[in-house]
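Some notes on the structure that comes next.
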Amino acid sequence: MKEETMDPGLNRRGFIAAASAAGASFCVRTGSASEDKPALLGGQPIRREPFPSWPVVGGGAEKALLDVLHSGKWYRGDGKRVMEFEAAFAEMIGVRYCVAVANGTSALHTSLAALGVGPGDEVIVPPYTFIATVNAVLLQYALPIFVDTDPDTFQIDARKVEAAMTERTAAIIPVHIGGAPADLDTILAAAGKRNVPVIEDACQAHLAEWRNRRVGSWGATGCFSFQVSKHINSGEGGAVTTNDADLAARCRGFHNHFRGLSEIGEIAKLSGRSCNLRMTEFQGALLKAQMAKAEEQASIREQNARYLTGLLKEMPGIRPMAMHEGVTRSAYHFFMFRYQKEAFEGLSRPRFIQALSAEGIPAFGGYGGPLNKQPFLRAALASRAFRKIFPKEVLDGWEERNQCPVNDRLCDEAVWLMQRLLLGTRRDMDQIAEAIRKIRTHAAALAKA
Ligand SMILES: *Cc1c(COP(=O)(O)O)cnc(C)c1O
């Protein structure tokens, strides 16, 4: 996935403007703007100013980083920054334990390892996710089993999870895609029937809530990423959250060669294999600073996203993602909608995205080819290790068993706006809607050109 970078430098204009937006009235451009030629065909773009840029510096980050630098305590074993961050993040998510790790992928890997998921096991995953969700499963020589996407919410179709489980199922990894919670009630119920642990991939969902409780606190573990695109970030970074003391110790042990930290009991050594996935003190310091703005930014995104959903949902051919009934807060990592070209004179999605970007609204097609059909999966399953581990009929039947037709269609129709577009003002949202309206007005001309 590529993130465009049209806004150089830092920009806090958006926050200031959004903070003062309540009650202000905006002059919305209508009619005349729509009648202009599309920017892609040489007309004036709806918008010339950049959207807020990302990442945002604040919360005393500069001093915190310099303090670490000059202290010489760069390693978590020498300092307190990572430990302080772990305590603060556990409190933010509402769990007892947090283990900071190198990145979100290693949070998933650590969770699987700590839960003893390994060769011969199956792990249920959604196809509409970042590749890391699946790679973590393959790293443990377990077999990913894809459950199709729910067409309205873009989340894993929780109603299909139970039917996908077998005696080999060792974990379920729902992903809160786009920052919106998956249907945790249904997933946890299906998992509970067979006593299978749920690992929440909350890498896009910091501060999102299911029934007023933060995601990352519902499963056996929650996995977070602090990679630069994520809502709390330190360039790279990750965390495992859990309420289970034993599991927390296993995660801590796995991520640090079972070394150094006194709370690791003998039990943590039972799995035998371990790694170094430690976070540095620089990351700990930066993350603590990043947390200071997270709540305010989450509220701005949520308000803008709800407003934009209201503007777009009545538009023919535009279907913003819906939320499950249990969602009390979405983190809106992306603003996602389906684009139906039939309502736009057959204008193709790539051309629509091009036209929208030309109007000054950077947009993307999201996860391109369906994940369950990517060649790397076929290669992994054909590898010597997988052929040794899994019965031939399981590998031979995998492709047929992992068809996800609803997801295939979503991959063709989805359009994404990055989270930073939601950090500005209501007027920014009005312009997004206006640009889409304008493209629709000129869809025939755009489709022909
Ligand atoms: C970002 C992300 C990850 C992986 O995080 P990294 O920190 O980049 O390793 C995993 N799952 C999802 C859904 C993500 O968006």
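As the structure lists them, so they are numbered: ligands from 1, and atoms in each ligand from 1. What you see is a predicted model, and the numbers here were worked out from it, not measured in a lab. FYI, the numbering just counts along the sequence from 1.
Between Gly104 and ligand 1, a contact under 3.5 Å exists for at least one N or O pair.
Distances below 4.0 Å separate heavy atoms of Val175 from the following atoms of ligand 1: 13 (C). For ligand 1, the atoms sitting less than 4.0 Å from at least one non-hydrogen atom of Ala132 are 3 (C), 4 (C), 10 (C), numbered in the order shown with element in parentheses. The ligand atoms of ligand 1 that sit less than 4.0 angstrom from a heavy atom of Cys203 are 2 (C), 3 (C), 10 (C), 11 (N), 12 (C), 14 (C). Taking a cut-off of under 4.0 Å to the non-hydrogen atoms of Thr133, the atoms of ligand 1 that pass are 11 (N). Proximity to Asn103 (heavy-atom distance under 4.0 Å) selects the following atoms of ligand 1: 7 (O), 9 (O).
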* Asked: Going through the checks in order, is the ring-ring contact (aromatic ring centres under 6.0 Å, His included) test met by Phe334 and Phe364?
  -> CA-CA 10 Å; Phe334 307 114; Phe364 302 89; 8.9 Å; no
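Below 30°, between 30° and 60°, or above 60°: for His109 and Phe254 the angle between ring planes is above 60°, a perpendicular geometry.
Nearest heavy-atom pair across Trp398 and Pro144 is NE1-O, 2.8 Å. Residues Phe226 and Met279 come closest through the heavy atom pair CD1-CE, 4.1 Å.
Only the side chain of Asp201 comes within contact range of ligand 1, with a heavy atom under 4.0 Å; no backbone atom does. By the criterion of a heavy-atom distance under 4.0 Å, the side chain of Thr129, and not its backbone, is placed next to ligand 1.
A salt bridge links Glu122 with Arg168: at least one charged nitrogen is closer than 4.0 Å to a carboxylate oxygen. A salt bridge does not link Glu86 to Lys80: none of the charged side-chain nitrogens sits closer than 4.0 Å to a carboxylate oxygen. Ion pairing between a basic and an acidic side chain is recognised when a charged N comes within 4.0 Å of a carboxylate O; Asp185 and Arg211 show such pairing.
Protein heavy atom in closest approach to atom 9 (O) of ligand 1: Thr105 OG1, 2.5 Å.
Residue nearest to atom 1 (C) of ligand 1, selected from Lys230, Glu236, His333, Gln204: Lys230 (by heavy-atom distance).
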